[in-house]
Amino acid sequence: GPAVARPGDTITLSYTAHNSGTADATGTWRDRIYLETQDGTLVQIASKFYTDGLPAGTSALRNVSFTLPANFVEGSYTWVVSTDTDNTVYERDGEGDNLARGGTALTVARPDLAVSTVTGPSLVQSGSTIHVDWTVTNHGGLASTGCVDRIYISHNGALTQFAEVAHAGPLDTGASYTAGADLALPLAYDGEYAIVVVTDAAHALDEHSRTDDTGQQTLTVQLAPHADLAVGAVQAPTSLIADPATLDVSWTVTNQGTGAGLTSQWTDKVVLSTDDVLGNGDDHVLGTILHDGALAVGESYTGHLSTLLT
């Protein structure tokens, strides 16, 4: 039989049955297959009836396939086969060799993945793209299928997913793989964060433990220089008497931020409203003015709109 298996695996065990007596074995008998624990306890995992007989002085190769129970206890076992366990075949004084142990031990173990390292920058500016690498090691039994790793940014206990990377194929006991991803940080990030990697995030594997499925690295994000546009010096008539009437509006926009920002083009919108609440149902957009060109810190420009009211 195999030397390594996981609970739920389908296993084929091969053994040879001998009839060392002087008479043919006929009728029906049953062989039982056990796994013996280190304290000598026999745990039956399969049995099979035979009706093909076994002539005196001959042997027969037996192959028995079965599924190891999904809740089978992990550990080290010895294969044990007992033939004619119900004593349906008369063997006179030849029953002493009906049980045999295999020479190869069986280790039953679930996979046990661990994020062993997470590597990335420790200090960055907001709005930048960072590269993160991580290593996953299997400390348990064979992981026969692939899994998905998810990468998060943590801040004040809240996780935000930034990437998902699939790992295809099996991962042997003691084996590792390294993966990486690029993460685009928002412009608004500012303060202390953590890069968090979770392996087998979709729980595709029946793991021994998920205690080590998560790894992380601290990350300090400094707010990048940014624009802070402020509108002031709005000039417009307080009343108009005409039909139609021409309305002239001017305003000044000043950058009160720490940098010019990432964009050099935006629009200014002029709204006529019966109150000072922007966005409710009484707003009327009179026009939009395109501004083209970066605005350095402390610099200003003046906008103007002339429109006909009817």
Is the closest side-chain heavy-atom distance between [X] and [Y] below 4.5 Å?
X: V249; Y: L247; value: yes
X: Y189; Y: S128; value: no
X: V108; Y: P7; value: yes
X: Y152; Y: I195; value: no
X: D31; Y: Y15; value: yes
X: Y34; Y: V81; value: no
X: I130; Y: F162; value: no

Which pair of heavy atoms, one from [X] and one from [Y], lies closest together, and at what distance?
X: L183; Y: A163; answer: CD2-CB, 3.9 Å
X: V297; Y: G257; answer: CG1-O, 3.4 Å
X: S176; Y: T137; answer: OG-OG1, 2.8 Å
X: S59; Y: H18; answer: OG-ND1, 2.6 Å
X: V197; Y: V115; answer: O-CG2, 3.8 Å
X: Y177; Y: C147; answer: OH-SG, 3.8 Å

Show me, pair by pair, the donor-acceptor contacts under 3.5 angstrom made by side chains of residues 117-126, not counting sequence neighbours?
from : atom 1 : to   : atom 2 : distance (Å)
T117 : OG1    : T135 : OG1    : 3.1
S126 : OG     : L187 : O      : 2.8
S126 : OG     : A224 : N      : 2.8

Check against side chain to side chain donor-acceptor pair (under 3.5 Å), Y301 and N255: CA-CA 9 Å; Y301 68 85; N255 183 1; over 6 Å; no

Steps toward side chain to side chain donor-acceptor pair (under 3.5 Å) verdict (H291, Q265): CA-CA 6 Å; H291 174 80; Q265 190 176 82; over 6 Å; no

Can you name the salt bridge (charged side-chain N to carboxylate O under 4.0 Å, His left out) partners of [X], sequence neighbours left out?
X: D97; answer: none
X: E299; answer: none
X: E192; answer: none
X: D86; answer: R30, R32

Qualifying side-chain hydrogen bond (donor to acceptor under 3.5 Å, both in side chains) pairs with a residue from residues 279-288, counting only residues at least two apart or across chains: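 Every pair satisfying side-chain hydrogen bond (donor to acceptor under 3.5 Å, both in side chains) with a residue in residues 279-288: S273-D282, S273-D283, T274-D282, D275-N280.
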
Pairs touching residues 155-172 that satisfy side-chain hydrogen bond (donor to acceptor under 3.5 Å, both in side chains), sequence neighbours left out: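 For residues 155-172, and leaving out neighbouring residues, the side-chain hydrogen bond (donor to acceptor under 3.5 Å, both in side chains) pairs sorted by first residue read R150-E164.
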
Are [X] and [Y] linked, directly or through other ILVMFWY residues, by side chains that come within less than 4.5 angstrom of each other?
X: L219; Y: V132; value: yes
X: L99; Y: V43; value: no
X: V270; Y: L229; value: yes
X: L54; Y: V89; value: yes
X: L13; Y: L35; value: yes

Residues in side-chain hydrogen bond (donor to acceptor under 3.5 Å, both in side chains) contact with [X], at least two apart in sequence or another chain:
X: S300; answer: T254
X: D200; answer: R210
X: E36; answer: R101

Table please: side-chain donor-acceptor pairs of residues 232-246 below 3.5 Å, with sequence neighbours left out.
none

Main chain of [Y], side chain of [X]: is a donor-acceptor contact present, judged purely on distance under 3.5 Å?
X: D39; Y: T41; result: yes
X: D84; Y: W29; result: no
X: Y193; Y: D190; result: yes
X: N138; Y: A175; result: no
X: T258; Y: H226; result: yes

Atom [atom1] in [X], atom [atom2] in [Y]: separation rounded to 0.5 Å?
X: L42; Y: S82; atom1: CG; atom2: OG; value: 9.0 Å
X: L113; Y: T211; atom1: CG; atom2: OG1; value: 12.5 Å
X: L142; Y: T173; atom1: CG; atom2: OG1; value: 6.5 Å
X: L295; Y: S264; atom1: CG; atom2: OG; value: 11.0 Å
X: E95; Y: T83; atom1: CD; atom2: OG1; value: 9.5 Å
X: S250; Y: L305; atom1: OG; atom2: CG; value: 10.0 Å

D206 and R110 ion-paired at < 4.0 Å: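 Yes, this pair counts.
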
CG (L262) with more than 12 external heavy atoms under 6.0 Å: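 Not buried by this count: 12 neighbours or fewer within 6.0 Å.
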
Check against side-chain contact (heavy atoms from CB on, under 4.5 Å), W79 and T104: CA-CA 8 Å; W79 291 107; T104 302; 5.5 Å; no

Trace of the side chain to side chain donor-acceptor pair (under 3.5 Å) decision for H131 with D133: CA-CA 7 Å; H131 184 79; D133 292 308; 2.9 Å; yes

Full working for side-chain contact (heavy atoms from CB on, under 4.5 Å) between V198 and V196: CA-CA 7 Å; V198 181; V196 180; 4.2 Å; yes

Considering only distance and modelled atom types, tabulate donor-acceptor pairs under 3.5 Å from the side chains of residues 60-68, sequence neighbours left out.
from : atom 1 : to  : atom 2 : distance (Å)
R62  : NH1    : D52 : OD2    : 2.9
N63  : OD1    : S14 : OG     : 2.4
S65  : OG     : T12 : OG1    : 2.7
T67  : OG1    : T10 : OG1    : 3.4

Check against ring-ring contact (aromatic ring centres under 6.0 Å, His included), F72 and Y77: CA-CA 12 Å; F72 201 82; Y77 297 86; 5.1 Å; yes

Trace of the side chain to side chain donor-acceptor pair (under 3.5 Å) decision for T26 with D24: CA-CA 6 Å; T26 59; D24 296 344; over 6 Å; no

